[in-house]
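The structure's right below; bear with me while I get my questions together.
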Amino acid sequence: MFEAKIDANILKGCIESITAIVDEGKLRIAEDGLKLRAVDPANVAMVSFELQSDAFDDFRFVPKGAEPEAVPEGEPTTESQVTGATEIGIDFRKLLDILGIGGREEVELELDEHAQKLFTRMGSLAYTISLLDPSSLRKEPKVPELEFPAQVIIETEEFRRTIRAAEKIGDHIALGIDGEVFYMEAEGEMDKLRLGLRKEQLIHLTPGTLHSLYSLDYITAMSKGMAHAENITLNLGKDYPLQMEFEVAEGKGKVTYLLAPRIESE
Amino acid sequence: MFEAKIDANILKGCIESITAIVDEGKLRIAEDGLKLRAVDPANVAMVSFELQSDAFDDFRFVPKGAEPEAVPEGEPTTESQVTGATEIGIDFRKLLDILGIGGREEVELELDEHAQKLFTRMGSLAYTISLLDPSSLRKEPKVPELEFPAQVIIETEEFRRTIRAAEKIGDHIALGIDGEVFYMEAEGEMDKLRLGLRKEQLIHLTPGTLHSLYSLDYITAMSKGMAHAENITLNLGKDYPLQMEFEVAEGKGKVTYLLAPRIESE
Amino acid sequence: MFEAKIDANILKGCIESITAIVDEGKLRIAEDGLKLRAVDPANVAMVSFELQSDAFDDFRFVPKGAEPEAVPEGEPTTESQVTGATEIGIDFRKLLDILGIGGREEVELELDEHAQKLFTRMGSLAYTISLLDPSSLRKEPKVPELEFPAQVIIETEEFRRTIRAAEKIGDHIALGIDGEVFYMEAEGEMDKLRLGLRKEQLIHLTPGTLHSLYSLDYITAMSKGMAHAENITLNLGKDYPLQMEFEVAEGKGKVTYLLAPRIESE
């Protein structure tokens, strides 16, 4: 049993952070909130999403096994029952489409696990979406073990503005640290763009010397997913994946993107 | 002789209510105002439009027969002379294009029946449009005799918002009444949208049990035509045409849309 | 040596007045400011652009010959050295793209003539654009000797609004004077648009009787280039080129467009 209420705009921001990477995915519902981990079809980008139950105005979840009705005999005990979580497959893009219409109201969510449907209610408008069969969806990826030698915390708007400018230059962008300066660099045939921010212009910087190259398509998508966050934390390495973390739902949710580097042609 | 002045925005709203259904049509000008009735090329939707002469800041019309100059001998007396009305063919979409440029000024209209032109003046900008030969236009449709068992009056914005949401779901929308609830329902392959409004959430409702299915393309176009009206009146039946009525020109004009139902495949 | 600082929006407005006609061109930098003269690829429209050095918050230019380092022996003395000017080839559209991102900040410009690059800095964002080889660009056109019998000064917004309306009518527009009235006229198959302004509705008018026809495509582009100017001066003749002049950079720059007439088919 899952029933919850949440501000429509907060939910919209959360789902936008997911659709930046995947259109559909497996959402795990548990007593402490919602979780999702998914990779994009090309296996280049990963999103980890967590939304605490207290981000909701109302949040009630009772795991299947704990409900009064007994588990039918012979039904195998699945992992999700053991952990007290329910996993549902959602077409996030469809859900987002409808949330965009609803305005600033509160959204009520209600899961009908038996019928495999999610009910969404915004004022007088009820929207029912069929759940996707979780077994038809890509497996939840394992988070690779990574150690990032450097971290930068930057205002999201500065980051996003640079990405928008870089899109006009080329297909790739380098993120790096040079001493006490964090930089982002894009190069075209004719021109070159560079954002350079000294330690004191950033919220945080680990000094060092490193840089990696990433596909702009992915970073552009990600930068849209983080539009509502004030700051983002970048975890960086040398020719290494990029990890970007930011808060959603006024600090009651967290999103982490992981992006594989492009190997520079020499 | 026809000369009139009207607020450009009011005229624009009126013409938008017409172009929601047809691009061109026959406008009847008489002493008491303007009238039009037209069906869309597929014969699925009809618009009836009336604008009272007092919606204009200035309105002067003298029917052809009543003008000082004598009717040339041998010219047959047409119906429009008898009724004291003049019928002109207008490309409304062209007129709308130009009104959009003019801004919030007053528009002066002047008909040159001899040259078959309509002069439009907005400030220093004069726009002359050649009239269409009324005989080249589709005949004015007869309004079918209909009796609607139920009526709903609803805020236009609530109606339009639901239509916008339904467009994301499917191609059709059902409008119906179930007891004391008015509902609009759209169904896609994966999802379903339903607006349900109880009698007390509406301005008016005839309780009952009925519903009909309509093409969303048409209702979407119509919902754009009614953008400036506060409320709309829906006249409904069971597998029956939908009649939508609303005011334009601050109550000094009235628009009625009629839409044929889709027969549901069983 | 060239280094300068200028308000990003002022520079953007200047470059938009150039890109209305050409995407790339030769910019002459001298002690008194910047100059450009270029024709569009079809040889129909010309732009002359001047920006005084005092439009900049900071402007430093030392011509090549005047710099401390001696001219290498054997290097021929070019005209630009003699006149104390430097000529650089710029892809204005690329530059404009990036200025659009920068916001309302100040832009710093710095020329590296040796590397043939222009550095642009907006806050922490540095943008480097490779210069185009001036010899690969079209030669600077000669300004034809023209005598305009009439002049009209008109509010830019009135002019631009009429151009926007005319685009909906046809491909050409006539500009003319009839007695003490300035008019702009566009004719379509079905309709006709005319702006008529009497002397007292204009800032200036030379009475007369003349008109010329121009391609709307060009005038539309030009009308975008003049968006920030309050008034424009039109110099007119009978079947004669159109000259349009307006100020940029708060009066510290001047743009002149010249447009060849269309010969009317009789």
Side-chain angles (χ1 to χ4, degrees), chain B residues 2-3 5 7-9 11-12 15-16 18-19 22-27 87-138, chain C residues 152-205 207 211 216-217 219-220 222-224 226-227 230-232 234 236:
Chain B
F2 170 60
E3 279 180 30
K5 286 187 196 176
D7 177 284
N9 269 331
L11 184 59
K12 199 164 160 258
I15 294 182
E16 280 170 347
I18 295 172
T19 54
V22 290
D23 288 349
E24 49 188 37
K26 286 187 262 193
L27 192 68
E87 202 173 62
I88 60 174
I90 296 194
D91 184 332
F92 292 106
R93 208 157 278 281
K94 273 204 154 292
L95 188 56
L96 193 59
D97 258 7
I98 295 299
L99 287 174
I101 295 292
R104 313 195 137 260
E105 293 160 277
E106 195 175 56
V107 189
E108 287 172 54
L109 302 172
E110 191 186 330
L111 177 65
D112 181 340
E113 239 181 311
H114 183 70
Q116 281 292 296
K117 289 186 188 302
L118 180 70
F119 298 107
T120 309
R121 182 177 294 277
M122 292 167 284
S124 309
L125 208 60
Y127 175 64
T128 309
I129 184 169
S130 292
L131 299 178
L132 304 171
D133 179 359
S135 70
S136 75
L137 296 173
R138 296 165 65 87
Chain C
V152 168
I153 307 180
I154 181 175
E155 283 178 30
T156 309
E157 196 37 44
E158 182 103 51
F159 182 80
R160 295 186 72 213
R161 202 180 68 156
T162 307
I163 296 300
R164 284 200 300 276
E167 284 170 55
K168 298 175 182 289
I169 310 291
D171 299 328
H172 301 97
I173 190 161
L175 271 64
I177 295 173
D178 185 6
E180 299 218 327
V181 171
F182 165 67
Y183 64 88
M184 296 169 69
E185 226 175 63
E187 216 159 324
E189 269 178 61
M190 288 279 302
D191 47 1
K192 185 172 157 181
L193 182 86
R194 182 185 164 104
L195 173 84
L197 291 171
R198 292 184 310 281
K199 192 172 180 171
E200 61 271 26
Q201 296 173 293
L202 295 158
I203 297 152
H204 175 77
L205 171 94
H211 91 280
L216 254 177
D217 279 353
I219 296 206
T220 296
M222 289 169 171
S223 80
K224 284 171 191 158
M226 65 184 61
E230 204 169 324
N231 303 316
I232 48 163
L234 308 173
L236 296 159

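Excluded from the calculations below are hydrogen atoms, water molecules and symmetry mates; all remaining heavy atoms, backbone and side chain alike, are included. Chain identifiers are assigned alphabetically (A, B, ...) following the order of the sequence lines, protein sequences preceding nucleic acid strands; residue numbering begins at 1 within each chain.
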Contact origin within C:Glu187 toward chain B - heavy atom pairs under 4.5 Å
neither

Cationic N near anionic O, under 4.0 Å, B:Asp23 to B:Arg93
yes

I'd like to know if C:Arg161 and B:Glu105 make a salt bridge, using a cut-off of under 4.0 Å between side-chain N and carboxylate O.
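Counted as a salt bridge, because a side-chain N and a carboxylate O are separated by less than 4.0 Å.
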
Scan side-chain atoms only and decide if B:Lys117 and B:Thr128 contain a donor-acceptor pair under the 3.5 Å cut-off.
no

Are a donor atom and an acceptor atom from the side chains of C:Asp191 and B:Tyr127 found within less than 3.5 Å of each other?
yes

Largest heavy-atom contact set with chain B, pairs under 4.5 Å, which of C:Ile169, C:Leu195, C:Thr162:
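Counting heavy-atom pairs under 4.5 Å, the top option is C:Leu195.
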
Below 4.5 Å from any heavy atom of chain B, which atoms of C:Gln201 appear? Answer side chain, backbone, both or neither.
side chain

